[in-house]
Amino acid sequence: MNLPMDGSRLDGSRPPRPLIAPSILSADFTRLGEEVARVEAAGAEMIHVDVMDGHFVPNITMGPLVVEAVRGATGLPLDVHLMIDAPEKFIGEFARAGADWLTLHVEACVHLHRSVQAVREAGMRPGVALNPSTPLEAVRWILEDLDFLLLMTVNPGFPAQSFIPGMLPKIRAAREMIRAAGSRAAVEVDGGINPRTAREAVEAGAEILVAGSYIFGAADYAGAVSSLRVEERGGPLS
């Protein structure tokens, strides 16, 4: 299933907001297929795959082979986040592995427009990520080319970090910048997501929440996913 950017499913129904994308960085890799199946059954709309190279961020994780394995375990969209140097060199590999959404870091791309176009030409939905200290101005002139904008709410590289409160104004500003540009890009946030920070992020304008340790560290995956469902000005969605 590949969700349209308005959030509707292929059958015309609408999933609850925000969309939840569990990050398998926090999953048990000795039974990864089972873990993916569990979060899918728990109601997640996407699977988030964090790719790290030990250069752009201080950690090494997974690559196209893991994406290919996860692709075989689920029909959910695969949201692949490249935290690597020179990501444009690997766009084709991740497309062939089965990625549906591909995120490039603005800090890692010399020719951002060209790289974003290459992602779309490879049949994937392009997104751009910003580290916490990177200003929104870095993406102002590419918003119309994006399907989503990923705002890091922790410094990338490791799971189980705390949400940086100073990112809430950035989420609000991003939502307004996207609206002013006439773009349909969704706002995705990644890092330190739990029920409290989920509410704050959604109220600020986030539409997609990436959560790793909060979901995969829970005994009840469905309960964890459900607890992140918040309305813009209310409690948990029914």
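How far CG of D28 is from CZ of R31: 4.5 Å, rounded to the nearest 0.5 Å. Note: K170 NZ to L136 CG = 5.5 Å, rounded to the nearest 0.5 Å. Atoms CD and CZ, from E88 and R114 in turn, are 9.0 Å apart once rounded to the nearest 0.5 Å. To the nearest 0.5 Å, the span separating CG on D220 from OG on S227 amounts to 9.0 Å. Within the model, atoms CG of L102 and CZ of F94 stand 7.5 Å from one another, a figure rounded to the nearest 0.5 Å.
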Set out, in order, the CA-CA distance, both residues' side-chain angles and the distance that settles side chain to side chain contact (heavy atoms under 4.5 Å, CB included) for L112 and V128, then state yes or no. CA-CA 9 Å; L112 187 58; V128 167; 3.9 Å; yes

So M124 and I91, side chain to side chain contact (heavy atoms under 4.5 Å, CB included) or not? Walk me through it. CA-CA 9 Å; M124 298 174 288; I91 290 171; 3.8 Å; yes

Go through it in stages, so that I can follow the logic: the residues are I208 and M46, the test is side chain to side chain contact (heavy atoms under 4.5 Å, CB included), and I'd like the CA-CA distance, side-chain angles, deciding distance and then a yes or no. CA-CA 9 Å; I208 304 168; M46 308 165 70; 4.1 Å; yes

Does the pair T103 and F148 meet the rule for a side chain to side chain contact (heavy atoms under 4.5 Å, CB included), with working shown? CA-CA 9 Å; T103 307; F148 60 103; 3.0 Å; yes

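D145 is not listed as a side-chain neighbour of L143, based on a closest heavy-atom distance of 4.5 Å or more. The shortest distance between side-chain heavy atoms of F163 and I193 falls below 4.5 Å. Considering only heavy atoms from C-beta on, D79 stays 4.5 Å or farther from I47 through its side chain. At least one side-chain heavy atom of R140 sits less than 4.5 Å from a side-chain heavy atom of M177. Side-chain contact check for P87 versus C109: some heavy-atom pair is nearer than 4.5 Å. A 4.5 Å side-chain heavy-atom check between L78 and V67 finds at least one atom pair inside the cut-off. The side-chain heavy atoms of S23 and S213, taken from C-beta on, include no pair separated by under 4.5 Å. Annotation: side chain of M167 is in contact with side chain of P132 (closest heavy-atom distance under 4.5 Å).
In the hydrophobic clustering of this structure, I142 groups with I178; members are Ile, Leu, Val, Met, Phe, Trp, Tyr whose side-chain heavy atoms approach within less than 4.5 Å, directly or through other members. If you chain together hydrophobic residues whose side chains sit under 4.5 Å apart, M52 and M152 never meet in one group. Residues L76 and V210 are members of separate hydrophobic clusters, defined by side-chain heavy-atom contacts under 4.5 angstrom among Ile, Leu, Val, Met, Phe, Trp and Tyr. Hydrophobic clustering of Ile, Leu, Val, Met, Phe, Trp and Tyr side chains at less than 4.5 Å, counting indirect connections, keeps I164 apart from L168. Hydrophobic cluster membership differs between V202 and L150, with clusters built from Ile, Leu, Val, Met, Phe, Trp and Tyr side chains linked at under 4.5 angstrom.
When every heavy atom of L130 is checked against every heavy atom of P135, the shortest pair comes out as CD1-O, 4.0 Å. M62 approaches I24 most closely through the heavy-atom pair SD-CD1, 3.8 Å. Here the shortest heavy-atom pairing between L209 and V189 reads CD2-CG2, 3.4 Å. E45 and I20 get closest at one heavy-atom pair: OE1-N, 2.8 Å. V154 and S162 make their closest contact through CG1-O, 3.3 Å (heavy atoms, listed as atom of the first residue, atom of the second, distance). The two residues G192 and T197 have their closest heavy-atom pair at O-OG1, 2.8 Å.
In this structure F216 satisfies the ring pair (Phe, Tyr, Trp, His ring centres under 6.0 Å) test together with Y221, sequence neighbours excluded. By the salt bridge (Lys or Arg N to Asp or Glu O under 4.0 Å) test, R196 is found to be paired with E200, residues two or more places apart in sequence or in another chain being considered. Here E121 pairs with nothing under the salt bridge (Lys or Arg N to Asp or Glu O under 4.0 Å) rule; sequence neighbours left out. Residues satisfying the ring pair (Phe, Tyr, Trp, His ring centres under 6.0 Å) test with H48, not counting sequence neighbours, are H81.
Classification of R184 and D147 as a salt-bridged pair fails, no side-chain N sitting under 4.0 Å from a carboxylate O. Between R71 and D100 there is a salt bridge, since at least one side-chain N of the basic residue sits less than 4.0 Å from a carboxylate O of the acidic one. Under 4.0 Å is where a charged nitrogen must lie from a carboxylate oxygen, and between E93 and R96 no such pair does. Between R175 and E207 there is a salt bridge, with a side-chain nitrogen of the basic residue lying less than 4.0 Å from a carboxylate oxygen of the acidic one.
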Sequence neighbours left out, cut at 3.5 Å: what donor-acceptor pairs do the side chains of residues 36-43 make with other protein atoms?
residue	atom	partner	partner atom	Å
E40	OE1	T74	OG1	2.7

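For the residue pair N131/S133, the side-chain donor-acceptor check at 3.5 Å is not satisfied. When only modelled atom types and interatomic distance are considered, D50 and T61 share no side-chain donor-acceptor pair under 3.5 Å. Counting only N and O atoms by type, the side chains of Y214 and S26 include no donor and acceptor under 3.5 Å apart.
Alongside W141, the hydrophobic cluster contains no other residue (criterion: ILVMFWY side chains under 4.5 Å).
Applying side chain to side chain contact (heavy atoms under 4.5 Å, CB included) to L82 and the options L104, V49, D53 leaves one that passes, L104.
Checked by atom type and distance alone, the side chain of Q161 pairs as donor or acceptor with a backbone atom of N155 at under 3.5 Å. Between the side chain of S115 and the main chain of H111, a donor-acceptor pair closer than 3.5 Å is present.
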